[in-house]
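Beneath this line is the structure, given in structure tokens, with notes to follow.
Fair warning: this is a prediction, and the values are worked out from it, not measured in the lab. Below, chains carry the letters A, B, ... as their sequence lines are ordered, and counting in each starts from 1.
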Amino acid sequence: MAAVTSLGETPIAAPAGRPRGMQASRRRRLNLFRYVVFTVFGLFFLLPLLAMARFSLEGANLGTWSVTAWRQIASYQNTGIPPLLSSIEITLELAVITCAVMLVLLVPTMVWVRLRVQWLARTIEFICLLPLTIPAIVLVVGLGEIYNKIRHFSLSALMLFWVYVILALPYAYRALAAGLSAIDVTTLSEAARSLGASWFTVMVRVIAPNMRAAILNALLLTAALVLGEFTIAYLLLYTNLQVELYSISRSTPNAGVLFSTSLAALLFAFVLLMILSFAGRRRGRG
Amino acid sequence: MTSSPVTRTQDGAARTAVEVRMERLSRHYGTVVALDRLSLTLQPGELVVLLGPSGCGKTTTLRLLAGLEDADTGQIFVGGKDITRLSAAKRDMGMVFQAYSLFPHMTVRQNVAFGLRLRRVSAAQRDKRAIEMLDLVGLATQADRYPHQISGGQQQRVALARALAIEPQVLLLDEPLSALDAKVRAQLRDEIRRIQLEVGITTLFVTHDQEEALAIADRVGVMREGRLEQLAPPTEVYSRPATSFVAEFVGLSNRLTGEVRGGEVTVRGRTLPLVEKDVPDGQVVALVRPEAVTLASHTTPESGPLVGTVIAVTFLGATSRVTIDLGDTTVLAQLSTSDASELPAGSRVALAIRPDPVLVSASSEPAVAADEEA
């Protein structure tokens, strides 16, 4: 087969810029604005955390320092309450199950709605965003009956994933919807289908890789929600990490433990999300 | 038209191009009839272009053939086999889309090899075939780039390579050039035709651009409201349009009143032959191509009713289009630019009409100035 000469096309060049001086000045102003915003918001979040750290490290006497409150987290044991490690394990398992169920449920549904039943899009969006408007206590009252029945089968706290999937729906939906709208799902899937791909292959090899960032964001939001969830687990009498930390702080006379456990929970979630984020984004395209 | 040409397969073996037959295909969207009992046969190795205005059903036809939509009624046969109910993934057709359809997360090479990977072709063979196809479209050097790193024209050529890499029975092109600029469009159009002839694959090409259709087709099918108005070689569609819609959609036409008598039509004193001889005598509107209208810069006593005033001259490059006011209507004439340059606006000219066969329609339709619907 004979080769042909390239048409000599070049990728679309960036539009001609403004004079360099103007651009540099604008960039400086923009950078300054960024630093100011970053500093203000950084302080807003960091100051309470620093205060918590300070209180957790305060000794028995004023002006002295001690790590007793932190040691008490690890050494804490109480009959009838699962140890800390067990609750960490359960919370992590819950995060994994919730993320998996949410993805399996939401991604194919959203793609299918986009491809085949566009008229359902608004309804699906409404249903997914609905949990945002329902207070946790209302959810618990509604779900209490169901969970009471589940409890008859002596199932573990992992059963909380049902309600966590509902809670994560609005955040995951928004993240995935943004990713879906950034790609031409119809054309990509039709192109793949015409090349012989099954619907499963279309989802796994074509759509999902192009929604990588959106899926990762949905996973991060879901994981963050599960790691930090307290109200529903506590009201439904299950023990996850947050409930366990609360129990620790309640059963010790040392007030510093309250702060050390809260900070420990925050750090745990933060580190985990950082790992998830970096692991997910490391394999970027070249 | 070619008869049973031979396509090349991956291992170099010969494969006969297939016939594609669509029989009485219908498709409705609610109350809208997108396709109305359309029957169309593509000969093996033939390139048929479906041409028509937006909403005429040409893309629907292509999508039904690809299996991306289901027909309400009718059947599709490829190589004699009924594929009407077969899913798109199993139809063995390569398709190039109007929108850029390369997978953004894959390199050009991976895109081209995607279909082969699904067919479990070995990695070495996939790579060899991908480079072969990229070489065919002149992009072998861009194999390791991502789609966002190449231009629109290059992306469409990669899409063509990807469609051909799987050695499909049929190639489907859905307005693949419409997003490109004029120069690249013309180059890629010729390239598609060259590759199609080289590979010898049966091809259905959809476009609304008449120039594109006439340039590359073995046969052009002009569509209107879900039906085929005419299916014929480009020269026939242009010079012997089957209907007034075809005459006006493909190229420009002057609509001039005339009278049919004895198998000929008399238009403003000029007697012209008819495309269809069996037109009953009476008043008609004759559709006369602008290039059949010639001009004389000076009026003569014989000019009679064909004298007018130049209103405007539109420069088109090698040719120019001259608009002449005849008093009761306007007429377009297509002349060489050098001839047209001697006709400033306002000058009086005499017209002559070349005695090419013309199509006529009932005179009840209003005789209007030449218009372009394309």
Side-chain angles (χ1 to χ4, degrees), chain A residues 1-15 107 111-112 114-119 178-216 280-286, chain B residues 8 63 66-68 87-107 114-119 132-142 144-146 148-154 157 159 162-163 165-166 168 172 183-184 187-188 191 194-195 198-199:
Chain A
M1 292 174 191
V4 292
T5 315
S6 170
L7 297 182
E9 297 163 50
T10 49
I12 303 152
V107 176
V111 172
W112 181 69
R114 177 67 68 96
L115 291 178
R116 293 291 167 99
V117 278
Q118 282 264 8
W119 55 271
L180 264 183
S181 59
I183 56 172
D184 186 350
V185 184
T186 310
T187 305
L188 291 183
S189 59
E190 285 182 351
R193 293 281 293 153
S194 73
L195 290 167
S198 64
W199 278 114
F200 180 77
T201 308
V202 171
M203 291 299 302
V204 172
R205 288 201 190 159
V206 178
I207 306 294
N210 285 298
M211 288 177 61
R212 192 187 169 82
I215 288 175
L216 192 65
R281 292 180 208 275
R282 205 174 46 201
R283 284 177 56 235
R285 73 178 182 218
Chain B
R8 248 177 283 168
R63 290 176 65 81
L68 299 173
S87 77
K90 292 177 181 165
R91 290 206 177 185
D92 195 16
M93 293 186 188
M95 187 161 173
V96 180
F97 295 80
Q98 181 178 3
Y100 300 136
S101 62
L102 296 186
F103 307 132
H105 64 296
M106 294 182 192
T107 62
F114 182 79
L116 300 172
R117 195 175 168 189
L118 296 176
R119 285 161 178 75
E132 222 175 76
M133 287 296 105
L134 286 171
D135 196 35
L136 183 69
V137 297
L139 285 173
T141 55
Q142 314 285 323
D144 294 319
R145 290 193 168 202
Y146 281 90
H148 70 274
Q149 294 172 320
I150 59 178
S151 70
Q154 288 172 327
R157 283 193 285 161
R162 183 177 67 178
I166 57 170
L172 305 172
K183 191 180 172 191
V184 178
Q187 285 175 312
L188 190 49
E191 211 168 302
R194 175 188 65 76
I195 291 167
E198 196 172 323
V199 178

(message) If I compare all heavy atoms of A:L188 with all of B:L102, which pair ends up nearest, and what's the gap?
(response) CD2-O, 3.6 Å
(request) Taking all heavy atoms of A:A197 and all of B:A89, pick out the closest pair and write down the distance. (result) O-CB, 3.4 Å
(message) Tell me the closest heavy-atom pair linking A:T187 and B:S101, and the distance in Å.
(response) CG2-CB, 3.4 Å
(message) Only pairs of heavy atoms separated by less than 4.5 Å count here; which of B:K90, B:R162, B:R91 has the most with chain A?
(response) B:R162
(request) Please look at B:A99 and chain A and tell me whether the side chain, the backbone, both or neither of the residue comes under 4.5 angstrom of a heavy atom of that chain. (result) both
(request) Could you tell me which portion of A:S194 (side chain, backbone, both or neither) has an atom closer than 4.5 angstrom to a non-hydrogen atom of chain B? (result) both
(message) Any heavy-atom pair between the side chains of A:P209 and B:M106 that's under 4.5 Å?
(response) no
(request) Please check if the side chain of B:H105 supplies one atom and the backbone of A:R205 the other of a donor-acceptor pair under 3.5 Å. (result) yes
(request) Give, for atom OG1 of A:T201 and atom CZ of B:R117, the distance between the pair rounded to the nearest 0.5 Å. (result) 10.0 Å
(message) Is B:F103 close to chain A through its backbone or its side chain, or both, or neither, when contacts mean heavy atoms under 4.5 Å?
(response) both
